[in-house]
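Quick caveat, the model's predicted, so the values are computed rather than measured. Heavy atoms only: backbone and side chains are in, while hydrogens, waters and symmetry mates are out.
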Amino acid sequence: MTPPSVGRSGHSDHGGFPGRGLAKGLAVTLRTMTRRTVTAQYPDVQPDLPPRSRGVIALLEENCTVCMLCARECPDWCIYIDSHKETLPAVEPNARARTRNVLDRFAIDFSLCMYCGICIEVCPFDALFWSPEFEYAETDIHELTHERDRLREWMWTVPAPPALDASSEEPKEIAAARKSADKLVAAQADVATPADPATQPSGEEPAS
């Protein structure tokens, strides 16, 4: 039995004419040559990035409670946090004074960061967000450690979250907040509504 012919690529030419692979390759080349070349004119034209792009990590300083979860969970140890304790005076006469952590420094070394997003996922107070900003290259590696002022500036580039599905359930946090707001409005309406004289006991004059 005569073995099938084997071409230079190592594949046998079953059921075809000699040089079929070469003809298919030339056909692909010709199709590519006839197409119009599209060049992205960066940086004059900014690219259209996906909504979940991982460009840089932004900080919402007001939400940070210095719980240190992001720094402890970071596999690269590229998050640096410094804080001090502040004593708050008691609001009520018999209450005790409270202490809270005040953020002094929040920095991220992007020369070490591997953009895994663990710090954003573990933050319980939504203080860290992904920003699509990616133009922060530096000539010196030491300048890739960005402090909280720079991280706060990137908050303005964070895209808005996608809209919820119309058929999905309302988040529990929003439902609880709406219920509390409705109760407060109802209580204020009861206080503002004057008493009906017809409902008052006999022998009492309505309040002026």
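Both Trp154 and Tyr115 are members of a single hydrophobic cluster when ILVMFWY side chains are connected at heavy-atom separations under 4.5 Å. Phe129 is not connected to Ile81 by any chain of hydrophobic side-chain contacts under 4.5 Å among Ile, Leu, Val, Met, Phe, Trp and Tyr, and they are in different clusters. When the side chains of ILVMFWY residues are joined at heavy-atom separations under 4.5 Å, either directly or via intervening members, Leu49 and Met155 end up in two distinct hydrophobic clusters. Cluster annotation: Val158 and Val56 are assigned to distinct hydrophobic clusters (Ile/Leu/Val/Met/Phe/Trp/Tyr, side-chain heavy-atom contacts under 4.5 Å, transitive). Follow the hydrophobic side-chain contacts under 4.5 Å out from Trp130 and you reach Tyr136 in the same cluster.
In plain terms, the two heavy atoms of Pro75 and Met114 that are nearest each other are CG-CE, 3.3 Å.
A 4.5 Å side-chain heavy-atom check between His142 and Asp140 finds at least one atom pair inside the cut-off. Looking at Ile79 and Cys119, their side chains come closer than 4.5 Å, going by heavy atoms from C-beta outward. In this structure, the side chains of Cys123 and Leu69 stay at 4.5 Å or more apart for every pair of heavy atoms. In this structure, the side chains of Ser131 and Ile57 stay at 4.5 Å or more apart for every pair of heavy atoms. Contact annotation: the side chain of Leu60 approaches that of Arg152 to within less than 4.5 Å [non-hydrogen atoms, C-beta and beyond].
In this structure, Ser83 OG and Met68 CE are separated by 7.0 Å, a value rounded to the nearest 0.5 Å. Residue Thr29 holds its OG1 atom at 9.0 Å from CZ of Arg31, rounded to the nearest 0.5 Å. For the atom pair CG of Leu30 and CZ of Arg35, the computed distance is 11.5 Å after rounding to the nearest 0.5 Å.
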Please evaluate residues Leu128 and Cys70 with respect to the criterion side-chain contact (heavy atoms from CB on, under 4.5 Å), reporting the C-alpha separation (whole Å), side-chain torsions for both, the decisive distance (0.1 Å), and the verdict. CA-CA 9 Å; Leu128 298 175; Cys70 55; 4.0 Å; yes
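Taking a cutoff of 4.0 Å between a charged side-chain nitrogen and a carboxylate oxygen, Arg150 and Glu133 do not qualify as a salt bridge.
Atom CD of Glu135 is surrounded by more than 12 heavy atoms from other residues, nucleotides or ligands within 6.0 Å. More than 12 heavy atoms of other residues, nucleotides or ligands lie within 6.0 Å of CG in Leu26, so this atom counts as buried by the packing criterion.
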Could you pull out all donor-acceptor pairs under 3.5 Å where a side-chain atom in residues 97-113 meets a protein atom, sequence neighbours excluded?
from, atom 1, to, atom 2, distance (Å)
Arg100, NE, Glu86, OE1, 3.1
Arg100, NH2, Glu86, OE1, 3.0
Asn101, OD1, Lys85, NZ, 3.1
Asp104, OD1, His84, ND1, 2.9
Asp104, OD2, His84, N, 3.4
Asp104, OD2, His84, ND1, 2.9
Arg105, NE, Glu147, OE1, 3.0
Arg105, NE, Glu147, OE2, 3.3
Arg105, NH2, Glu147, OE2, 3.0
Asp109, OD1, Ser111, N, 3.1
Asp109, OD1, Ser111, OG, 2.5
Asp109, OD1, Thr145, OG1, 3.4
Asp109, OD2, Ser111, OG, 3.3

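With hydrogens and angles ignored, the 3.5 Å screen pairs a side-chain donor or acceptor of Thr32 with a backbone N or O of Val28.
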